[in-house]
Amino acid sequence: MAKVLTSREENYSQWYNDLVIKADLAENSAVRGSMVIKPYGYAIWEKMQAVLDQKFKDTGHQNAYFPLFIPKSFFSKEASHVAGFAKECAVVTHYRLKTDENGNIVVDEDAKLEEELIVRPTSETIIWDTYRKWIQSYRDLPLLINQWANVVRWEMRTRLFLRTAEFLWQEGHTAHATKDEAITEAETMLNVYSDFAENYMAMPVLKGTKSPNERFAGAIETYCIEALMQDGKALQAGTSHFLGQNFAKAFDVKYVTKENKQEYVWATSWGVSTRLMGALVMAHSDDNGLVLPPKLAPIQVVIVPIYRKPEELAAISEKVEGLIKDLKANDISVKFDDRDTHKPGFKFAEWELKGVPVRLAIGPRDLANGTVEVARRDTLEKEILQFEGISTKIKNLLEQIQINIYQKAYDFREQNTFVVDDWNDFKAKVEAGGFILAHWDGTEETEQKIKDETKATIRSIPIDGKMEEGKCIFSGNPSNQRVVFAKAY
RNA sequence: CGGGGUGUAGCGCAGUUGGUAGCGCACUUGACUGGGGGUCAAGAGGUCGCAUGUUCAAGUCAUGUCACUCCGACCA
């Protein structure tokens with residue numbers, strides 16, 4: 001088979017880029033760092049959105065929408081927040097263009113804004129400014145809001161889906177009467193994310209908290225799910241933040257308790273982005289193309305007819321008509337690829353590249369024998385089965401594939417997770433890739449020094465990690481828990 | 001922001017000492033083909049990123065400029 005992708009072994013990074021483009025997920029645009037998400041890629045994102053949106057609603061949240069532009073002054077209200085985002089903000093300074101004496105379109109200097117507007121890198125500030133008006137009493141709490149939006153972070157280096165200047169995401173922003181309730185909310189949403197990652201994306205994730213260095217700007221605690229990619233690098237797949245009363249104080253959001261006392265509100269925020277698309281690609285795909293988990297595949301089953309004459313195609317179409325109806329009735333998305341403009345071999349390769357989990361091929365030979373060829377994308381195995389009753393088998397096969405690719409990713413992570421106690425071993429393991437469980441003395445200095453020497457960062461302090469006395473891998477100082485180190489995206 | 005690279009057909013690229021603009025894929029038409037990316041034939045498609053300069057003559061040389069891209073720094 002002719003390869004259109006660079007192999008993972010040859011150049012993993014190139015493989016990823018090739019795959020995103022060749023599988024028609026996205027491409028670079030005329031604007032540096034900003035991508036065009038193509039229909040096939042967007043269809044996957046829509047499936048992700050649909051599942052997540054339902055989960056948010058099931059946990060009591062409502063959707064709303066806040067402005068793209070945020071007055072600059074809002075950012076200065078929360079000190080650490082502005083420090084974290086200032087270096088990557090797009091700023092709107094004018095609101096009008098004009099034609100100059102040479103006929104060129106230029107910015108009209110007369111149309112300078114009194115106060116610059118920031119294109120949101122995240123919406124805490126504009127939302128908390130709004131919440132001040134919405135929250136008066138304990139009766140107004142909790143306030144559980146989510147928004148689906150685009151945000152802009154002017155990153156110096158970008159990669160399709162993994163880090164783009166503009167990206168799509170959802171951001172939840174909640175307000176609570178008590179600290180405990182807010183912490184519970186942050187943990188609940190982390191669980192929503194890990195459930196989604198594992199049961200829909202088929203991607204195992206580690207749940208944990210971030211070290212102070214890696215924490216969200218303005219958060220008291222950042223919870224995260226962290227996944228291991230095939231090249232041994234870690235990818236932060238979602239975060240949920242306990243914000244304490246930082247934003248309530250910055251934006252003066254108080255409520256009156258039952259006892260008629262003024263109290264500041266407690267906050268959380270949480271988000272996942274189109275970066276999940278990058279995670280999905282890297283978690284499962286191979287040198288032949290995408291491997292999509294059935295639960296998120298826009299097309300779950302493709303049927304390729306094999307024929308020479310129109311009469312043969314007609315006979316095949318008639319044969320599969322009932323099957324297509326049956327699959328659709330079971331909420332299985334199916335495409336009958338009867339394009340006459342491409343040959344079967346081309347179609348096989350194309351659907352493989354696009355990661356369709358199950359492919360059926362049916363030709364005159366099958367019509368004569370009452371059979372159908374069934375190929376599964378995850379293992380590339382093919383078998384000839386009886387056409388009769390195939391619908392049930394397909395349903396089961398889709399479930400098996402979902403489980404199999406999760407298991408494969410899980411096994412990979414297990415094989416690439418190492419418990420390390422020796423500094424030289426640590427350096428070697430970091431270089432080779434994978435999750436490294438090691439003791440850390442809890443100081444930012446040590447974390448920074450380890451990063452400087454090895455490029456590894458603390459990805460996660462495991463939530464369910466067992467307590468264990470030990471000595472810091474770097475400083476030798478006492479530690480009571482292992483943390484997860486890795487090189488990260 | 002530092003260092004490298006690249007701008008030539010839709011995509012990927014070649015283009016020698018300056019002398020009529022080329023290849024592969026894709027595209028169009030036709031025929032044959034059709035169970036893993038078909039074959040043959042004919043065809044269409046270009047102000048060579050932009051500007052200035054040198055020259056009888058510039059894709060090629062010089063200067064400038066813009067864009068993209070890779071590596072690093074940076075990036076919750």
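We use all heavy atoms of the structure for the numbers below, so side chains are in, but hydrogens, waters and symmetry mates are not. Residue numbers begin at 1 in each chain, while the letters A, B, ... track the order of the sequences.
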Partner of [N] by Watson-Crick or G-U wobble geometry, both contacts under 3.5 Å, or none?
N      : answer
B:rC68 : B:rG5
B:rG36 : none
B:rG43 : B:rC27
B:rA73 : none
B:rA62 : B:rU52
B:rG18 : none

Any donor-acceptor pair under 3.5 Å from A:Thr222 side chain to A:Phe216 backbone: yes
Side-chain donor or acceptor of A:Arg377 paired with backbone N/O of A:Leu353 under 3.5 Å: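 No; zero donor-acceptor contacts below 3.5 Å.
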Could you tell me whether [X] sits above the aromatic face of [Y], with NZ or CZ closer than 6.0 angstrom to the six-membered ring centre and within 45 degrees of the axis?
X        : Y        : value
A:Lys319 : A:Phe387 : yes
A:Lys354 : A:Tyr40  : yes
A:Arg359 : A:Phe348 : yes

Between [M] and [N], how far apart are the [atom1] atoms? Round to whole Å, please.
N      : M      : atom1 : result
B:rC40 : B:rA58 : C1'   : 40 Å
B:rU6  : B:rU65 : C1'   : 16 Å
B:rA41 : B:rC23 : P     : 14 Å

Whichever of A:Gln236 and A:Ser29 has its nearest RNA chain B nucleotide further upstream toward 5':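 Comparing both residues, the 5'-ward one is A:Ser29.
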Of A:Val372 and A:Arg153, the one whose closest RNA chain B nucleotide lies more 5':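 Between the two, 5'-proximity favours A:Val372.
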A:Asp231 side chain to A:Tyr489 side chain, donor-acceptor N/O pair below 3.5 angstrom: yes
Side-chain donor-acceptor pair present, A:Glu187, A:Asn191, cut-off under 3.5 Å: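 Side chains of A:Glu187 and A:Asn191: no pair found under 3.5 Å.
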Between [options], which nucleotide has the shortest distance from any of its atoms to the side chain of [X]?
X        : options                : value
A:Glu373 : B:rG36, B:rG35, B:rC1  : B:rG35
A:Glu352 : B:rC75, B:rG36, B:rA76 : B:rG36
A:Ala349 : B:rA76, B:rG37, B:rC74 : B:rG37
A:Phe216 : B:rA76, B:rC70, B:rU69 : B:rA76
A:Lys455 : B:rA73, B:rG35, B:rG36 : B:rA73
A:Glu155 : B:rA73, B:rC70, B:rC75 : B:rC75

For nucleotides 40-44 of chain B, tabulate all protein N/O to nucleotide N/O atom pairs closer than 3.5 Å, reporting atom names and distance.
none

Figure out the [atom1]/[atom2] separation between [X] and [N], and round it to whole Å.
X        : N      : atom1 : atom2 : answer
A:Lys451 : B:rG72 : NZ    : P     : 13 Å
A:Leu243 : B:rA76 : CG    : P     : 15 Å
A:Phe346 : B:rG37 : CZ    : P     : 12 Å
A:Asn213 : B:rC74 : CG    : C1'   : 14 Å
A:Glu381 : B:rG36 : CD    : P     : 18 Å
A:Gln14  : B:rC70 : CD    : C1'   : 10 Å
A:Arg163 : B:rC70 : CZ    : C1'   : 16 Å
A:Asp18  : B:rU69 : CG    : C1'   : 14 Å

Pair [X] and [Y], ring centroids less than 6.0 Å apart:
X        : Y        : value
A:His173 : A:Phe66  : no
A:Phe485 : A:Phe426 : yes
A:Trp351 : A:Phe346 : no

Polar pair under 3.5 Å, donor/acceptor by atom type, side chain A:Glu350, base B:rG37: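 Check fails, no donor-acceptor contact within cut-off.
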Distance-only donor-acceptor test, A:Arg32 side-chain atoms vs B:rC68 base atoms, 3.5 Å: no
Sugar-phosphate only, base, or nothing, as touched by A:Glu88 at under 4.0 Å among non-hydrogen atoms: sugar-phosphate
Sugar-phosphate only, base, or nothing, as touched by A:Arg459 at under 4.0 Å among non-hydrogen atoms: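 Nothing, no heavy atom under 4.0 Å.
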Taking only N/O atoms, report every protein-nucleotides 32-34 of chain B pair under 3.5 Å with atom names and distance.
residue	atom	partner	partner atom	Å
B:rG34	OP2	A:Arg308	NH1	2.9
B:rG34	O2'	A:Tyr307	O	3.3
B:rG34	O6	A:Arg308	O	3.0

Aromatic plane relationship, A:His81 with A:Phe247 - under 30° parallel, 30 to 60° tilted, over 60° perpendicular: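 Plane angle over 60°, so perpendicular.
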A:Glu226: which of A:Arg413, A:Lys207, A:Arg459 passes salt bridge (Lys or Arg N to Asp or Glu O under 4.0 Å): A:Arg459
